[in-house]
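We count ligands from 1, going down the list as the structure has it; atoms in each ligand are counted the same way. Numbers for residues simply follow the sequence, beginning at 1.
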Amino acid sequence: MIGNINHIAIAVPDVEAAATRWRSALGASVSAPQDLPEHGVRIVFVSQPNSKVELMEPLGTASPITAFLERNPDGGMHHICYEVTDIIAARDSLVNEGARVLGNGEPKTGAHGNPVLFLHPKDFCGTLIELEEVAG
Ligand code: CO
């Protein structure tokens, strides 16, 4: 059902510092910071030929990653995003398998303008999974 890994997201306390670290130490190609107020994060993309990593810092007072950073002050892997071609079919199949969808179960518009859903980390070995619908 799942396709490629679209991105891996890492929560960081300071996205500028993290971008510099990835660029200097790892020689990575890192985008300019981008504010996504509707998602409560400020992000940069680290692009590789086969996928990307998103480094994200909390933006605003109600950021969904604030609690994560309180538990992991140095930052840490926050979620992995898999591509699917039909997010409703994927959701229904997952619910059938006993997986829990976060929120009200309806897809929201994600950081890339595509429909996304998140699956409960307890159902996937402690890993928050995002599904993103991409054109098949
Ligand atoms: Co994501």
Side-chain angles (χ1 to χ4, degrees):
M1 179 173 67
I2 54 171
N4 289 337
I5 293 174
N6 181 276
H7 60 272
I8 294 163
I10 299 175
V12 303
D14 178 341
V15 78
E16 302 273 4
T20 299
R21 189 75 185 155
W22 254 253
R23 204 179 276 125
S24 309
L26 294 173
S29 164
V30 184
S31 75
Q34 214 178 310
D35 287 355
L36 302 175
E38 67 278 19
H39 295 285
V41 290
R42 182 158 204 251
I43 64 166
V44 296
F45 295 107
V46 182
S47 298
Q48 303 308 132
N50 66 340
S51 198
K52 60 186 176 291
V53 166
E54 293 178 13
L55 307 174
M56 49 185 198
E57 170 192 303
L59 180 70
T61 50
S63 173
I65 64 170
T66 299
F68 180 91
L69 278 167
E70 280 165 8
R71 293 192 302 272
N72 306 276
D74 295 330
M77 205 194 97
H78 185 264
H79 66 267
I80 179 165
C81 176
Y82 288 110
E83 297 179 351
V84 294
T85 52
D86 182 338
I87 201 163
I88 298 299
R91 176 198 65 191
D92 293 348
S93 159
L94 280 153
V95 168
N96 238 0
E97 291 294 325
R100 287 166 287 179
V101 176
L102 297 187
N104 67 1
E106 295 306 317
K108 286 189 182 154
T109 301
H112 315 114
N114 296 329
V116 301
L117 281 175
F118 286 89
L119 305 174
H120 202 297
K122 288 211 160 116
D123 295 335
F124 293 94
C125 305
T127 305
L128 178 61
I129 293 184
E130 178 180 19
L131 298 178
E132 179 171 332
E133 183 173 279
V134 296

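- The Co ion (ligand 1) has no N, O or S atom of Glu54 closer than 2.8 Å.
- The nearest N, O or S atom of His79 is closer to the Co ion (ligand 1) than 2.8 Å.
- Ion pair Glu16/Arg42 flagged as a salt bridge, since at least one NZ, NE, NH1 or NH2 atom sits closer than 4.0 Å to an Asp/Glu carboxylate oxygen.
- The aromatic rings of Phe45 and His112 sit tilted, their planes meeting at an angle between 30° and 60°.
- Under the side chain to side chain donor-acceptor pair (under 3.5 Å) rule, Asn114 has a single partner from Glu132, Glu133, Glu83, which is Glu132.
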Should His78 and Glu54 be marked as a side chain to side chain donor-acceptor pair (under 3.5 Å) after you check the CA-CA gap, both sets of side-chain angles, and the distance that decides it?
CA-CA 10 Å; His78 185 264; Glu54 293 178 13; over 6 Å; no
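- Restricting Glu130 to its N, O or S atoms, the one at the least distance from the Co ion (ligand 1) is OE1.
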